[in-house]
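Heads up: the structure comes next, in structure tokens.
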Protein chains: 2
Amino acid sequence: MIDSVDRMMRIGELAKRAKVTPRTVRYYESLGLIPPGEREGSGQHRYPEQTVARLQKIDQLKALGLSLEEIGKVIHLYFDDPSGKKAKTKVLEMLRGHLAETEAQLISLKQFRSEVLGHIKRFERWFETKA
Amino acid sequence: MIDSVDRMMRIGELAKRAKVTPRTVRYYESLGLIPPGEREGSGQHRYPEQTVARLQKIDQLKALGLSLEEIGKVIHLYFDDPSGKKAKTKVLEMLRGHLAETEAQLISLKQFRSEVLGHIKRFERWFETKA
DNA sequence: CATGAAGTTTACGTTCACGTCACCTTTTGA
DNA sequence: TCAAAAGGTGACGTGAACGTAAACTTCATG
């Protein structure tokens, strides 16, 4: 347990495991999306296991169409273990807001889908009348 | 008929009629999306009536979500092939591609929604056990 | 201990679809 | 005729998310 808890890795391994490039890791770190890797005096960073999951979560959120800036506003909710009622209340608030945004996105995405489908159907009808 | 056939206009009029800016006209021309306006020795361009329709068609395709690069691959079909069948077939292909992306996004967005709902429920349970 | 792989910082390059000067030439209208 | 309006060209700006090169330091291995 002790080993698995404080096993640290350097940027190359972290990047490979999260399927991103070291450049991306540094970029995200500069944006504060992932916690700064501890420096071992030598200047090299050391990252904990958890950071892999964090990078993967960022990737998931990106796939949802969120910008890195938007991700920055919510990513900590996934990894900070908030203590105290105030903190949790606030997290809950933010989650609800996040959910609302997600619902809104769902709606507009469905809207967009039906538009595209409409275009396709018009094309299909056009082909029928011509065939 | 003769008049309407070779009535030529300068970039300002063209732009106004197509509801774009002269900058956009030049940009599209540089990309080959519209045929180069004839130069009258003075260096000024003269565009035929048809170019208005071409700009409008570009706008329509943009509204469908096609990039200017994608539009470049099909726009000539609308004006070379009078039936427009080839063009529409190709646009249809592209739209299907876009639709596939949209569907994929919808799926992951729904997944994400249920994750967020899970978080909220966990918080609610936490509040219940504490209240 | 020597070397090559890996890591660090700095900083410019890239894509998209134009906007916005700047500076010069041509056209138009009173 | 002469100033204002319009046009032409070149080049830099925008914003997001990194890629890539350069020049140097540190790590790991035979």
Side-chain angles (χ1 to χ4, degrees), chain A residues 7-48 51-52 54-75 101 105, chain B residues 7-48 51-52 54-75 94 97-98 101 105 108:
Chain A
R7 164 154 203 283
M8 303 291 267
M9 55 191 124
R10 295 192 297 163
I11 197 169
E13 189 184 346
L14 173 65
K16 246 175 204 168
R17 298 206 28 201
K19 286 171 186 165
V20 296
T21 66
R23 175 70 175 96
T24 299
V25 172
R26 295 196 182 100
Y27 183 52
Y28 288 177
E29 191 168 335
S30 79
L31 296 181
L33 296 187
I34 61 174
E38 302 170 19
R39 324 289 284 249
E40 300 233 315
S42 69
Q44 300 208 347
H45 298 86
R46 297 288 171 161
Y47 302 90
T51 305
V52 175
R54 189 144 175 156
L55 287 169
Q56 287 168 347
K57 179 57 74 179
I58 291 172
D59 217 50
Q60 283 174 34
L61 296 177
K62 272 190 24 175
L64 299 178
L66 301 197
S67 69
L68 294 186
E69 193 179 351
E70 289 174 308
I71 291 171
K73 293 175 185 166
V74 298
I75 187 66
E101 283 175 27
Q105 277 189 46
Chain B
R7 166 155 201 282
M8 303 290 267
M9 57 190 121
R10 295 193 298 165
I11 198 169
E13 189 185 346
L14 172 65
K16 245 174 204 167
R17 299 206 27 203
K19 285 170 188 164
V20 296
T21 67
R23 176 69 176 97
T24 299
V25 172
R26 295 194 183 102
Y27 181 52
Y28 289 177
E29 191 168 335
S30 79
L31 295 181
L33 295 187
I34 61 174
E38 302 170 20
R39 324 288 286 248
E40 301 232 313
S42 68
Q44 301 210 347
H45 297 87
R46 296 289 171 158
Y47 303 89
T51 305
V52 176
R54 190 143 175 156
L55 287 170
Q56 288 168 345
K57 179 57 74 178
I58 291 171
D59 217 50
Q60 284 173 33
L61 295 177
K62 272 191 18 174
L64 296 180
L66 301 196
S67 68
L68 293 186
E69 193 180 351
E70 288 175 308
I71 291 171
K73 293 175 186 165
V74 299
I75 187 67
M94 290 179 175
H98 284 259
E101 283 173 29
Q105 273 191 39
S108 58

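Lettering follows sequence order; numbering is per chain, from 1.
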(message) Nearest heavy atom decides the nucleotide; on that basis, is Y27(A) or R46(A) closer to the 5' end of DNA chain D?
(response)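 It is Y27(A), whose closest nucleotide lies nearer the 5' terminus.
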
(request) Identify, between Q44(A) and L31(A), the residue whose nearest nucleotide on DNA chain D lies closer to the 5' end. (result) L31(A)

(request) Can you figure out which of dA6(D), dC16(C), dA17(C) approaches the side chain of R10(B) most closely? (result) dA6(D)

Just the rounded figure in Å: distance from [atom2] of [N] to [atom1] of [X].
X	N	atom1	atom2	value
E70(A)	dA17(D)	CD	P	9 Å
R26(B)	dC16(C)	CZ	P	22 Å
E13(A)	dA5(C)	CD	C1'	15 Å
I11(B)	dT26(C)	CD1	P	17 Å
E69(A)	dA17(D)	CD	C1'	13 Å
E29(B)	dA17(C)	CD	C1'	16 Å
M8(B)	dG7(D)	CE	P	15 Å
L55(A)	dA17(D)	CG	C1'	14 Å

(request) For DNA chain C, determine which residues of residues 16-24 of chain B have any heavy atom closer than 4.0 angstrom to one of its atoms, and list them numerically. (result) T21(B), R23(B), T24(B)

Taking only N and O in the side chain of [X], is any of them less than 4.0 Å away from OP1 or OP2 of [N]?
X	N	result
H45(B)	dG8(D)	yes
S42(B)	dG7(D)	no
Y28(A)	dA17(D)	no

Is the shortest heavy-atom distance from the side chain of [X] to the side chain of [Y] under 4.5 Å?
X	Y	result
K57(A)	Q60(A)	yes
L33(B)	Y27(B)	no
V52(A)	L55(A)	no

(request) Give a yes or no on whether the backbone of R54(B) and the side-chain of T51(B) come within a donor-acceptor separation of less than 3.5 Å. (result)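 It does not hold such a pair.
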
(message) Walk me through whether R10(B) and R46(B) qualify under side-chain contact (heavy atoms from CB on, under 4.5 Å).
(response) CA-CA 5 Å; R10(B) 295 193 298 165; R46(B) 296 289 171 158; 3.4 Å; yes

(request) With Y47(B) as reference, evaluate R7(B), R17(B), E29(B) under the side chain to side chain donor-acceptor pair (under 3.5 Å) test and give the passing residue. (result)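 Looking at R7(B), R17(B), E29(B), the match for Y47(B) under the side chain to side chain donor-acceptor pair (under 3.5 Å) is E29(B).
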
(request) Nearest 0.5 Å please: distance from the OG atom of S42(A) over to the CD atom of Q44(A). (result) 4.5 Å

